[in-house]
Amino acid sequence: MTETNVIDAKNLVREFNGKRVINRVSFGIKEGEIFGFLGPNGAGKTTTVRLLSGVLAPTEGSAWVMGYDVRSEPLEVRKVIGVLTETSSLYERLSAKENLAFFGHLYGLDGEMLNNRINELLQFFGLQEKSMDKVGTFSTGMKKRLSLARALFHDPPVLFLDEPTSGLDPEGARLIRNHINELSKEEKRTIFLCTHNLEEAKELCSRVAIIDNGKIIAIGSPEDLERDLWQKTEVEVNLDEANNEMLKFIRELEIVMNMRIDKEKIFIELGSQNDIPVLVEEIVHKGGRIFSVNQVSHSLEEIYFRIREEKK
Amino acid sequence: MNWHNVITIARKDIKEVRENKSIWIPMIVVFLIFSVVLPVIFILAILHTAESELMTEPMKTFFQNMPTSLTNQIAGMTLEQQMIYLAVTYFFAPLFLILPLMVSNIFAVDSFAGEKERKTIEALLYTPTTDKELIMGKLLAAFVPSQIIAWIGFVIYSIVVNLTGYPTFGRIFFPGLLWVVLMLWIVPAVSLFGLGVSVLVSIKAKSFQEAYQISGSVVLPFIAILLMQIFGVIYLSIWFTLVLGLLFWVVDWIILYIGTKKFRRGEIIANMV
Ligand SMILES: Nc1ncnc2c1ncn2[C@@H]1O[C@H](COP(=O)(O)OP(=O)(O)OP(=O)(O)O)[C@@H](O)[C@H]1O
Ligand SMILES: [Mg+2]
């Protein structure tokens, strides 16, 4: 494994009854990163989490978490990870407190230490008042928060979150996203986030991988992926007096590959990002008064669909 | 193996079953039927039947084929006493194997297949427990209650049959040595057998119902023993009981050895859909 990678996967393969559902998946994740794992239903996100967390053995390939081999040291792997499972995995007949206490015991906590940790987590996730209630009576959002508390019980350096906001209303989803941001920013935790919510990935993740049919079809920061897909750079220029002479001047510049005007906005296509300052200089030189220059970015959604389209 | 983890898992499972009325209410009903209702009805029926009518044809054959050790045990008793003694000591004995078997079966199935079906087991699989601790915790969660219930049942049964039989015996006539062997030697072996089978079945089964139905068939051999005794084919002599127990302990050992050795948590995940 690479020294600096907290999670490392090399050619992971998993088959169920001869059917390959994870197909030569490789990636590396650095400390403190929130790594988004995007893909449609059945793409293999959950299975990948199970392979990386040492509960399901890969058919081929290997993976390391904090340097521990998921094949030969699964117990060590499980000690350093926390997992938010896709389904809540809470005991509905037990109270919130009893649920946390059970897992706390399994992480070796007892007595006062255990109680303090439980209270701390319940407080952090706003569940203090419901601590004695049976989890069966909880709303989906409360269950998610309690599951997250459970995943964090032993303060693991690595977190796997399998669709943390699915089934939540916007407010509940926001609450969870804020928690995730906090966990990563302030505590330097490495987070592996499975989602099919692209906005969420964009908001939270420094890098993403797109998985489809068990195969990784793209990997990188959203910006990198965008650059790969749209080689040309497009900028939107806001000019004081965009008269015909000025527009003609711009269009005829050597660096400008294309220009269009859309709702009184000027969109200019350039060969590369390096041409942006050149363009600005030329316009200013010509006497143009620039209010703003913005590089046009594509939403992760556009990127996602474009990549899936291209790989078909 | 970390026993702290094993006990934590077992305690959680027991707590969960305690909260599940749909499991323990039917269990208490069966428990009361076996340890109170059936013996009381049977004894009262004998006490209220004229002695001349007790000796039916099947009964005659039974008495004729009885081994001498049994004849010696009931020598000197009235016919009424003999019949109560035989029923209480021998005919009902297999029921007391079925009881802990059912308890351990349903507890084991609930804690394994049930947890799988409710999808709660996944988080447990992610904890830093070993596969062995997990399976031992589940076994313990079913074994302990089954033994407790068997002993409570035994005590209640002893009180009930002695009270009901007192008018004709005039003394405490139960339990004898056979039941000591039964409770100490056979009951734990049989319970372990039942729950070993349940756990193995639960790992593969897709649902609680499926696991319960398949593993429930372990009671069949005991119903067979019950019937074979009534028809005089076999009888639970102390020797027979000791050997039967030994047989179960050996089978238990094999099941548990294979189970704990071969069990991988990945198998649960792979069978969880
Ligand atoms: N235990 C299993 N046995 C057989 N097939 C399985 C098993 N687990 C997963 N699969 C198959 O593997 C594929 C990937 O499933 P997985 O649950 O990893 O997808 P996912 O990306 O998490 O999907 P979702 O967004 O629906 O959660 C699916 O086709 C699924 O049917
Ligand atoms: Mg999934």
Side-chain angles (χ1 to χ4, degrees), chain A residues 14-17 21 46-47 49-59 68 70-71 73-95 98-110 114 134-136 146-147 150-151 153-154 156 160 162, chain B residues 1-24 107 110-112 114-138 141 203-204 206 208 262-273:
Chain A
R14 174 70 206 202
E15 293 173 354
F16 289 112
N17 313 317
V21 302
T46 301
T47 307
V49 169
R50 289 169 175 172
L51 293 173
L52 292 176
S53 45
V55 299
L56 191 66
T59 312
Y68 298 115
V70 300
R71 273 180 190 281
E73 304 160 290
L75 189 64
E76 299 306 317
V77 170
R78 292 201 296 273
K79 279 183 192 161
V80 296
I81 63 166
V83 183
L84 174 72
T85 48
E86 198 171 0
T87 52
S88 79
S89 268
L90 295 163
Y91 299 103
E92 307 229 327
R93 292 184 209 127
L94 306 183
S95 72
E98 286 170 328
N99 266 281
L100 290 181
F102 171 58
F103 287 94
H105 277 302
L106 293 180
Y107 287 109
L109 260 66
D110 255 316
L114 180 78
K134 292 228 166 85
V135 171
L146 186 59
S147 304
R150 180 195 56 209
F153 204 98
H154 52 306
F160 290 93
D162 198 348
Chain B
M1 194 163 49
N2 179 343
W3 280 96
H4 174 266
N5 285 351
V6 175
I7 291 167
T8 302
I9 293 171
R11 275 183 30 196
K12 189 278 295 168
D13 277 350
I14 293 171
K15 197 188 273 176
E16 231 194 332
V17 171
R18 266 206 330 246
E19 297 290 336
N20 190 351
K21 290 192 185 65
S22 63
I23 284 190
W24 58 258
F107 270 53
D110 183 69
S111 82
F112 234 111
E115 221 188 286
K116 207 160 79 172
E117 186 173 290
R118 298 188 289 272
K119 296 208 164 41
T120 53
I121 202 160
E122 193 166 4
L124 180 56
L125 298 181
Y126 286 118
T127 59
T129 49
T130 63
D131 294 344
K132 200 170 248 172
E133 284 159 13
L134 210 66
I135 203 161
M136 289 301 282
K138 297 288 180 189
I203 292 171
K204 294 272 180 211
K206 299 269 185 266
F208 175 86
K262 285 270 158 70
F263 170 72
R264 294 285 172 274
R265 63 187 63 209
E267 230 177 305
I268 297 184
I269 293 267
N271 286 297
M272 196 164 66
V273 182

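Values below: all heavy atoms of this structure, side chains included; hydrogens, waters and symmetry mates excluded. So that the names make sense, note that chain A is the first sequence line, chain B the second, and so on, each numbered from 1.
- Taking the side chain as every heavy atom from C-beta outward, B:Tyr126 and A:Val49 approach each other to under 4.5 Å.
- Ranked by heavy-atom pairs under 4.5 Å with chain B, the list A:Thr85, A:Leu84, A:Val83 is led by A:Val83.
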Stepwise salt bridge (Lys or Arg N to Asp or Glu O under 4.0 Å) test for A:Glu92 and B:Arg118
CA-CA 9 Å; A:Glu92 307 229 327; B:Arg118 298 188 289 272; over 6 Å; no
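- With a 4.5 angstrom heavy-atom cutoff, A:Leu94 touches chain B only via side-chain atoms.
- In this structure the side chain of B:Glu122 never reaches within 4.5 angstrom of the side chain of A:Val55, judged on heavy atoms.
- A:Arg93 CZ to B:Thr120 OG1: the interatomic distance, rounded to the nearest 0.5 Å, is 8.5 Å.
- Of the listed residues A:Tyr91, A:Phe160, A:Tyr107, A:Phe16, the one with more heavy-atom pairs under 4.5 angstrom with chain B than any other is A:Tyr91.
- Counting heavy-atom pairs closer than 4.5 Å to chain A, the top-ranked of the candidates B:Arg11, B:Glu267, B:Glu115 is B:Glu115.
- Evaluation of the side-chain hydrogen bond (donor to acceptor under 3.5 Å, both in side chains) rule for B:Glu19 yields A:Lys134 as partners, not counting sequence neighbours.
- Of the two parts of A:Phe153, neither the backbone nor the side chain holds a non-hydrogen atom closer than 4.5 Å to a non-hydrogen atom of chain B.
- Between A:Glu86 and B:Lys119 no salt bridge is recorded (no basic side-chain N to carboxylate O distance below 4.0 Å).
- A pairwise comparison of heavy atoms in B:Thr130 and A:Arg78 identifies CA-NH2, 4.4 Å as the closest pair.
- Put simply, NZ on B:Lys12 and CG on A:Asn99 are 9.0 Å apart, with the number rounded to the nearest 0.5 Å.
- When heavy atoms are compared at a cutoff of 4.5 Å, A:Asn17 does not approach chain B at all.
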